[in-house]
There are 2 protein chains.
Amino acid sequence: MAIYDDILAKVREQLPRMTHARKCVLRCLCESEQPLAANDMQVMLADADVDAATIYRNLETLCQIGVVHKVEMSARGALFALADNDHSHSIKCTECNCRVDIGDCFMAEVEALIQQRTGFDSVRHLVNFTGVCPQCRQPQQQ
Amino acid sequence: MAIYDDILAKVREQLPRMTHARKCVLRCLCESEQPLAANDMQVMLADADVDAATIYRNLETLCQIGVVHKVEMSARGALFALADNDHSHSIKCTECNCRVDIGDCFMAEVEALIQQRTGFDSVRHLVNFTGVCPQCRQPQQQ
DNA sequence: CCCTTATTGCAAATCATTTGCAAGTGAAAT
DNA sequence: ATTTCACTTGCAAATGATTTGCAATAAGGG
Ligand SMILES: [Mn+2]
Ligand SMILES: [Mn+2]
Ligand SMILES: [Zn+2]
Ligand SMILES: [Zn+2]
């Protein structure tokens, strides 16, 4: 949990209090491979005695200080992830819902290209890959 | 609206009825650059006399026949897009919310790489780019 | 134009998110 | 260790999205 401790230290520098609920939210984000919805965290923290409203408020605060990034996918419902990078991606099977890791993030070149084409700075991405896994492809064979 | 007519024809082949509501949903998806949430369509169709429940039910049906793809970003709240490809991507400024087109989709190589690494078939993607636009970067200069 | 039945609208149920407010608690100062 | 005070939290109510049952509607074939 080196990452978790680092993040905790960074947050302590920027916010006046470090509370139980705040730690829980940060732990969720550290543990997750994918960006999470607030609701996903409610589920993860079912036994942790953290009110839903508190999760939402902490996410907003953590976004304000730049430790967490929010991606609004549409009017209602955003996803949250640590601003700190170093992540990998995965792909989910549309048939059996299994999830397989793809490996380290390979979007750096794509982001550089976007920066060139558009002049945008601080380019970030959220990607979601789906497909059909080898097991689901040939239900009759083997 | 060549795309719209093509899609309409394809759906007619696979479903017994082509209704006002169904056309509206398909038109939304054809017109949008980005994947849409059901709720986004409710907004777009505010004047079209289509019940919200009907939008949800049509989306489910269209997914079943494979004309629409659903991407579940988390427990609640999915995004929908035409299965038909040929799309472009855009990037949204986190400061002013402006959106700039990036150009044709450049994810083909990435998808090929994923297919190699994981053995998955029919790989699809949903991407979301954010950054800071040139105007928002230097609020003081020029 | 009539029939059949897929599809819709409406209303109610369910569940996620937001907000106000009083109570609780982290951490700095004593 | 105790005190103190602003920051945070929990709770409850409000808001808004999504789902579901059911009777009414309408698309398309005959
Ligand atoms: Mn990445
Ligand atoms: Mn693309
Ligand atoms: Zn599978
Ligand atoms: Zn901007």
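The sequence lines fix the lettering, A, B, ..., with proteins before strands; numbering per chain opens at 1. Note that this is a predicted model, so its numbers are computed, not measured.
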Gap between atoms [atom1] and [atom2], on [X] and [N] respectively (whole Å):
| X | N | atom1 | atom2 | answer |
| --- | --- | --- | --- | --- |
| B:Leu36 | D:dA17 | CG | C1' | 16 Å |
| A:Arg57 | D:dA12 | CZ | P | 14 Å |
| B:Leu59 | C:dT7 | CG | P | 14 Å |
| A:Gln42 | C:dT18 | CD | P | 11 Å |
| B:Ile55 | C:dC10 | CD1 | P | 13 Å |
| B:Leu45 | C:dG9 | CG | P | 11 Å |
| B:Leu15 | C:dT8 | CG | C1' | 15 Å |
| A:Asn58 | D:dT8 | CG | P | 8 Å |

Does [Y] offer a backbone N or O that forms a donor-acceptor pair with the side chain of [X] under 3.5 Å?
| X | Y | answer |
| --- | --- | --- |
| B:Asp40 | B:Ala37 | yes |
| A:Arg124 | A:Val71 | no |
| A:Ser32 | A:Cys28 | no |

Measuring centre to centre across the rings, with the benzene-like ring taken for any Trp, is B:His125 within less than 6.0 Å of A:His89? no
Is there a side chain to side chain contact (heavy atoms under 4.5 Å, CB included) between A:Lys70 and A:Leu59? Walk through the geometry before answering. CA-CA 9 Å; A:Lys70 174 183 190 174; A:Leu59 286 170; over 6 Å; no
Closest nucleotide of DNA chain D for B:Glu60 versus for A:Asp49: which of these residues is on the 5' side? A:Asp49
When all nucleic acid strands are considered with a 4.0 Å heavy-atom cut-off, which category describes A:Ala53: base, sugar-phosphate, or nothing? base
Please write out the pairs of protein N or O atoms and N or O atoms of nucleotides 25-29 of chain C separated by less than 3.5 Å, giving the distance to one decimal.
unit_1 : atom_1 : unit_2  : atom_2 : d
C:dG26 : N2     : A:Arg17 : NH1    : 3.4
C:dG26 : N2     : A:Arg17 : NH2    : 2.9
C:dG26 : N3     : A:Arg17 : NH1    : 3.4
C:dA27 : OP1    : A:Met18 : N      : 3.1

Establish, with yes or no, whether the OP1 or OP2 oxygen of D:dT8 is under 4.0 angstrom from a side-chain nitrogen or oxygen of A:Thr54. no
Under 4.0 Å from OP1 or OP2 of C:dT7: is there any side-chain N or O of B:Arg22 that close? yes
Which residue pairs pass the side-chain hydrogen bond (donor to acceptor under 3.5 Å, both in side chains) test when at least one of the two sits in residues 10-22 of chain B, sequence neighbours left out? B:Arg22-B:Asn58
Go through the structure and list residues passing side chain to side chain donor-acceptor pair (under 3.5 Å) with B:Asp121, not counting sequence neighbours. A:Arg137, B:Gln115
